[in-house]
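One structure is given below, encoded as structure tokens.
Lettering follows sequence order; numbering is per chain, from 1.
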Number of protein chains: 2
Amino acid sequence: MGDDKRLRDAAEKLALILAQGGMQKTTARVMTCLLFSQQETLTAADLCAELQISSGAVSGAVKQLAPSGLLERVPAPGSRRDHYRFPDGAWATLMSQQNQLLATMGEAADQGLAAAGDPSTPAGRRLAEMKDFYTFMLRELPPLIERWRTDFTAKHPNQETQQSG
Amino acid sequence: MGDDKRLRDAAEKLALILAQGGMQKTTARVMTCLLFSQQETLTAADLCAELQISSGAVSGAVKQLAPSGLLERVPAPGSRRDHYRFPDGAWATLMSQQNQLLATMGEAADQGLAAAGDPSTPAGRRLAEMKDFYTFMLRELPPLIERWRTDFTAKHPNQETQQSG
DNA sequence: CAGAAGTTTCAGAGATCTGCGAACACTCTG
DNA sequence: CAGAGTGTTCGCAGATCTCTGAAACTTCTG
């Protein structure tokens, strides 16, 4: 029983960290609740009870988490309620989505370069470096994540790490 | 001349993106202003005039950016004013600091595992995967960044990409 | 040491965001 | 098709955050 409390505390603690990092507080709490729960799935009602929040708040959090791949709706035969779970491989999915940001940064650098013209100007020099960096990362990061996926599934053959999408 | 406006626009556009990603709006504007400026350095007064913000706001933004390595105070001989610039290698520095976050995530997973006990429980399984992922990334990312630094300085021998330290 | 130039701090106005609770919409059951 | 069970949307009150403008502080000059 004490373990449950410790899990609860650890969940809230991580939620706080994520919230400081920019994530919505309630959204973070919903996510960590699913992550640290000893049940495979939780319903919206479970989350309301566990986190002491309204059903509207749960709905909002779900709407944010689901597209990011940090929450999955699970078909629940026999129950009319939606069941939610933290998907396997979610962290890898999340980091993969950062690639979109890398691409955006590269494009921003491009636009700046088009306006700055010469890479010998101060702005041109800075933006050229920026572009180089993000191009590099965009090329190197996806294979790295893929390698983790491969390694991990090799280590855990019973657990198919599913990609969303 | 039109180029200046295009640079300005590109700067504000990137600032907006960064703001949506969680960065303070004014902080982002100050950063992109330095990044896209055709001058090597800008003073606080320059930033006030350029961005139409108060000196207090500039001070606040500087206080946020400087510790992250996204802004540097430059000694300005002959001028009593502080001069600020966007440091070379700032993007790499920034990503290196993300490593701290990776470590924190790994620790959070550890704490959860200590409470969940068995990795065969649902929470244990999820947290074990989380730990594996962040441990992997923490091991692989720093060398990757270092490789970019090496490659880049090799390509641009005149431009010492300085690390903040 | 008095005064000027510049930066930082701080209280408060204004804007933004967030989650609650209720109304609404949807989907199965009988 | 009526009605119960759920999920979603939305207006609003409360909380939070942010920037301004002014005062306080620091550092340099004469």
Side-chain angles (χ1 to χ4, degrees), chain A residues 11-12 14-34 37 39 41-68 70-86, chain B residues 11-12 14-34 39-68 70-86:
Chain A
E12 291 289 346
L14 179 56
L16 208 62
I17 291 169
L18 294 172
Q20 285 170 343
M23 188 182 280
Q24 211 86 331
K25 196 170 109 189
T26 300
T27 303
R29 292 183 72 212
V30 167
M31 194 194 95
T32 58
C33 192
L34 288 164
S37 168
Q39 296 173 253
T41 68
L42 295 178
T43 65
D46 291 337
L47 290 164
C48 289
E50 183 77 29
L51 301 172
Q52 301 278 44
I53 58 180
S54 72
S55 63
V58 171
S59 180
V62 166
K63 199 157 61 170
Q64 273 195 280
L65 290 170
S68 311
L70 290 170
L71 175 148
E72 229 176 17
R73 280 188 160 81
V74 177
S79 169
R80 211 183 293 178
R81 300 179 174 181
D82 282 2
H83 285 234
Y84 304 113
R85 108 175 129 193
F86 187 87
Chain B
E12 291 289 346
L14 179 56
L16 208 61
I17 292 170
L18 294 172
Q20 285 170 342
M23 187 182 280
Q24 213 82 333
K25 196 170 111 188
T26 300
T27 303
R29 292 182 72 212
V30 167
M31 193 194 96
T32 59
C33 193
L34 288 165
Q39 297 173 253
E40 277 299 343
T41 68
L42 295 178
T43 66
D46 290 338
L47 289 164
C48 289
E50 183 78 28
L51 301 172
Q52 302 278 43
I53 58 181
S54 72
S55 62
V58 172
S59 179
V62 167
K63 199 157 60 168
Q64 273 195 279
L65 290 170
S68 312
L70 290 170
L71 175 148
E72 227 175 19
R73 281 187 158 82
V74 178
S79 168
R80 211 182 294 176
R81 300 179 176 182
D82 282 1
H83 285 236
Y84 303 113
R85 110 176 127 194
F86 187 88

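The separation between Arg73(A) atom CZ and dT6(D) atom C1' is 11 Å, rounded to whole Å. Look at NE2 on His83(A): it is 9 Å from P on dG7(D), rounded to the nearest Å. Look at NZ on Lys63(A): it is 11 Å from C1' on dG7(D), rounded to the nearest Å.
Protein chain B contacts DNA chain C from dA4(C) to dT9(C), reading 5' to 3' and using non-hydrogen atoms of the protein with a distance under 4.0 Å.
Over its length, the helix from dC1(C)-dG30(D) to dG30(C)-dC1(D) turns its helix axis by 20°, as judged from the five terminal pairs at each end, rounded to 10°.
Checked against side chain to side chain donor-acceptor pair (under 3.5 Å), Gln20(A) has no partners two or more places apart in sequence or in another chain. Every residue was checked against the salt bridge (charged side-chain N to carboxylate O under 4.0 Å, His left out) condition with Arg81(B), not counting sequence neighbours, and none meets it. Legend: residues meeting side chain to side chain donor-acceptor pair (under 3.5 Å) with Gln24(B), ordered by chain and number and at least two apart, are absent.
Taking 4.0 angstrom as the limit, Gln24(B) places none of its side-chain polar atoms (N or O) nearer than this to OP1 or OP2 of dC17(D).
Within the 4.5 Å cutoff, the side chain of His83(B) has heavy atoms near those of the Ser79(B) side chain. Put simply, the side chain of Phe86(A) does not reach to within 4.5 Å of the side chain of Glu72(A), judged on heavy atoms. At a threshold of 4.5 Å between non-hydrogen side-chain atoms, the residues Ile53(B) and Val58(B) count as touching.
Under a 4.0 Å N-O distance rule, the pair Arg85(B)/Glu40(B) does not qualify as a salt bridge.
Ala45(B) comes within 4.0 angstrom of no nucleic acid atom, judged by non-hydrogen atoms across all strands.
Distances were taken from every side-chain heavy atom of Arg80(A) (C-beta onward) to each of dT8(D), dC19(D), dA4(D); the shortest belongs to dA4(D).
For DNA chain C, the residues of residues 49-59 of chain B within the heavy-atom distance limit of 4.0 Å (strictly under) are Ser55(B), Gly56(B), Ser59(B), sorted by number.
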